[in-house]
Amino acid sequence: MKPVIDILEERISAAMAAAVGRSDCAAIVRAATDPKFGDYQANGVMALAKKMKTVPRQLAEEVIKNLDVDDICEPPEVAGPGFINLRLKTQLIADKLLEINKDSEHRLGVEQTSQPKTVVVDFSCPNIAKQMHVGHLRSTIIGDCVCRMLEFLGHKVIRQNHIGDWGTQFGMLIAYHRRQIDIAADYATGKVSSFPHVKDLEEFYKKASELYGSDASFAEEARSCVVKLQSGNPVMCSSWERIVDWSRNEIYPIYEKINVILKREDERGESFYKGMLSSVVAELKKKGLAVESDGAVCVFPEGFKNKEGKPLPFIIQKSDGAYLYATTDLAALRYRVDELGVDKILYVTDARQKLHFEMLFASARMAKWVSDDIELSHVMFGSVLGEDGAPLKTRSGENVKLKELLDEAVERAKAVVEEKNPDLDKDKKDEIAKAVGIGAVKYADYSNNRTSDYIFSFDKMLAMDGNTAPYMQYAYARIKSIERKAQTRDVDIEHELAGLKTLNLTEPAELDLAKTLSRYGEAIQAAAADYRPNYLTAYLYELAQKFSGFYTNCPVLDAGSDKRPTRLLLCDLTAKTIKHGLSELLGIEVVEQM
RNA sequence: GCGCCUGUAGCUCAAUUGGAUAGAGCGUCGGUCUACGGAACCGAAGGUUACAGGUUCGAGUCCUGUCAGGCGUGCCA
């Protein structure tokens, strides 16, 4: 089903073209800024009038004469400086809902794209041997949501988890691991009497880096481990694998916990590209793009200046011969273009890396490794801040661990469930607490503009009012409650919905809700076009609000037989839309009761 | 120094990319209750969109300058 907004855009653009006799006309149809203006407004006439040097309102009248939208709208009106206001016919809304109802299990009236693209989404990217912290949360869930939206719209999405598994930090980790093994052996044979127990990876990393900083001989050993590892020494490699696997045991349960679709097969860590790095440098040198400067090998992409106003280097090989993330990113980019056949690559990382990606893209384009029709986008996001406005830290100044943060959210949600609904059995309570707690954290992140920083607050995100996950979940649970109640009253919902041939939308609250339901596709399009989940959350919030209005004004089960089927449909589609938006696109669970 | 980003109600955030009278929630004040789930609903007060100019029929959004904060800026990622 083609979105109404697209139909209007086409028809009004055509009417504009007919009115002035030129083809470059854009109607710029948007949702109306105020309900009193109708449902949609076309903003394009005023810009066109400027180009044509005519009076906007007159031109708008002219456009309307050439416009035929009788099948979908009430007569269009010219308003203000030259807007064209459009109000949809109630009949159209009713027809749309019936149409949506035909496939409400899957598409909910949302069209698939006619131009599917192959899109690589590079996201999450945790560092091996380090705990995931809140910074990783944003990349992970925003990336996941972008993938889900693009997939739902019919694009081919290739998830790429570019994990940090090949940096110089592996020297100290491996060296430390070797020491541990030695000590363990000595302990087993009785040579030493105690075995320093390391409780988790976090501590392992901390101890290794402490030793690295304080013990020169260990540091030396660490450096030699890196060299050995990179030349394929089997002992080093086995330690490396052990450490990477150890990390996976922490990372994957977190993905599962937060409902992120990211599997082992999506992993293309830095180590994956290790064999391609030397040829990246060699080829760039051959093309004359990479040159030596102060001992390092650099590309100087056009348009970037350093502090002295001289060309800014994109360093691809250090003076000691080691490669950097720039090199790996270039290799990854080539792999994605050449082997994965992409139309688009999205990098979901924080805003601080903006310059890096601008230089990466510029370098790759200079090398002609990526053609002009391939889109490269840095889908950046702001930082998560504490209540004091500074980057979120624990009291002792450390990064807040993601696992602990999630546990606390679930715990707090649990307390609310206990208070509100003490009679539920324990498993139910746990299930609700998990859905609400995790959902709240994710939703709070999604509902902010991706590019801005936001202040993390448990109290705000777990609030049941406002634009929060629990508010949406609550609306869903209330509908499910109506459905349960229907059974006790011998109302056969399926039967009533199946027999529905026309809708009876007379109450303003009904029509409002119906219109909002019919716009789900528009919301997803808008969110997917700019990779901005907050457009989707804003829509879901509006939907839940419209439902609340409907719910308080329009009894469903007690409605007469002329109204009840329509209202049951409104409930059914609202529940399905909320569920789809939350669980399929945002990865947030819904619950039948809460 | 240079570059990028940010500055919107007491607080936390929106504003579909230049559209109409800048919207929500929290907090404050005032209402609704025999309730298909009160984790709800309705209403009010609260704004010179940091400041000063400019472009435009129209500016929170674009341009210039100022102020404040953040980030980045050659061998971390």
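The structure displayed is predicted, hence computed values, not measured ones.
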For [N], give its Watson-Crick or G-U wobble partner with both distances under 3.5 Å, or none.
{"N": "rU66(B)", "answer": "rA50(B)"}
{"N": "rC41(B)", "answer": "rG31(B)"}
{"N": "rA22(B)", "answer": "none"}
{"N": "rC75(B)", "answer": "none"}

*Could you tell me whether the side chain of Asn43(A) has a donor or acceptor atom within less than 3.5 Å of a complementary atom in the base of rA20(B)?*
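Such a pair does not exist between side chain and base.
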
| task | Go through the N and O atoms of the side chain of Ser293(A) and the base of rG74(B), and report whether any donor-acceptor pair is under 3.5 Å. | result |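 Between rG74(B) and Ser293(A), which were checked side chain against base, a qualifying N/O pair under 3.5 Å is present.
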
Taking [M] as the reference, what is the distance to [N] when you measure between their [atom1] atoms (whole Å, please)?
{"N": "rG70(B)", "M": "rU56(B)", "atom1": "C1'", "result": "32 Å"}
{"N": "rG65(B)", "M": "rG25(B)", "atom1": "C1'", "result": "36 Å"}
{"N": "rG54(B)", "M": "rA59(B)", "atom1": "C1'", "result": "11 Å"}
{"N": "rG53(B)", "M": "rG10(B)", "atom1": "C1'", "result": "30 Å"}
{"N": "rC2(B)", "M": "rU16(B)", "atom1": "P", "result": "32 Å"}
{"N": "rU49(B)", "M": "rU32(B)", "atom1": "P", "result": "37 Å"}
{"N": "rG19(B)", "M": "rG58(B)", "atom1": "P", "result": "14 Å"}
{"N": "rA68(B)", "M": "rA50(B)", "atom1": "C1'", "result": "8 Å"}

Next on the checklist: Between Tyr347(A) and Phe361(A), is the ring centroid distance below 6.0 Å?
Outcome noted: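 When the ring centroids of Tyr347(A) and Phe361(A) are compared, they turn out to be within the sub-6.0 Å range.
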
[X]-[Y] side chain donor-acceptor pair, cut-off 3.5 Å:
{"X": "Asp165(A)", "Y": "Ser271(A)", "result": "yes"}
{"X": "Gln230(A)", "Y": "Tyr323(A)", "result": "no"}
{"X": "Asp329(A)", "Y": "Tyr273(A)", "result": "no"}

* Is the NZ atom of Lys480(A) crowded by more than 12 outside heavy atoms at less than 6.0 Å? ->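 More than 12 within 6.0 Å, yes.
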
Taking atom NZ of Lys515(A) as the centre, does the number of heavy atoms from other residues, nucleotides or ligands within less than 6.0 Å exceed 12?
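Correct, the count exceeds 12.
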
query = Between Glu387(A) (CD) and rC11(B) (C1'), how many Å, whole number?
reply =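 Checked: the CD to C1' distance equals 10 Å.
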
- Item | Separation of rG72(B) P from Asp453(A) CG (nearest whole Å) |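 Roughly 12 Å, once rounded to whole Å.
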
Distance test, side-chain N/O of [X] to OP1/OP2 of [N], below 4.0 Å:
{"X": "Asn467(A)", "N": "rG23(B)", "value": "no"}
{"X": "Ser548(A)", "N": "rC41(B)", "value": "yes"}
{"X": "Asn448(A)", "N": "rU12(B)", "value": "no"}
{"X": "Thr552(A)", "N": "rC41(B)", "value": "no"}

So if I take every side-chain heavy atom of [X] and compare against [options], which nucleotide ends up nearest?
{"X": "Pro313(A)", "options": "rA15(B), rG74(B), rG19(B)", "value": "rG74(B)"}
{"X": "Tyr551(A)", "options": "rA14(B), rG74(B), rC36(B)", "value": "rC36(B)"}
{"X": "Gln41(A)", "options": "rC75(B), rG19(B), rA14(B)", "value": "rG19(B)"}
{"X": "Arg478(A)", "options": "rG38(B), rC57(B), rC75(B)", "value": "rG38(B)"}
{"X": "Ala477(A)", "options": "rU16(B), rA24(B), rG37(B)", "value": "rG37(B)"}
{"X": "Tyr471(A)", "options": "rA20(B), rA40(B), rG74(B)", "value": "rA40(B)"}
{"X": "Tyr474(A)", "options": "rC76(B), rG37(B), rA77(B)", "value": "rG37(B)"}
{"X": "Ile482(A)", "options": "rG19(B), rA14(B), rG37(B)", "value": "rG37(B)"}
{"X": "Lys485(A)", "options": "rU21(B), rG37(B), rA39(B)", "value": "rG37(B)"}
{"X": "Ile455(A)", "options": "rA39(B), rC13(B), rC75(B)", "value": "rC13(B)"}

With sugar-phosphate meaning primed atoms plus P, OP1 and OP2, does [X] contact a base, only sugar-phosphate, or nothing at under 4.0 Å between heavy atoms?
{"X": "Asp350(A)", "value": "nothing"}
{"X": "Lys50(A)", "value": "base"}
{"X": "Gln593(A)", "value": "base"}
{"X": "Ala79(A)", "value": "base"}

Item to check | 4.5 Å side-chain heavy-atom contact, Trp240(A) and Ile243(A) | outcome: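 No, side chains not in contact.
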
I want to check something: taking the side chain as every heavy atom from C-beta on, are Arg223(A) and Val227(A) in contact at a cut-off of under 4.5 Å?
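No - every pair of side-chain heavy atoms lies 4.5 Å or more apart.
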
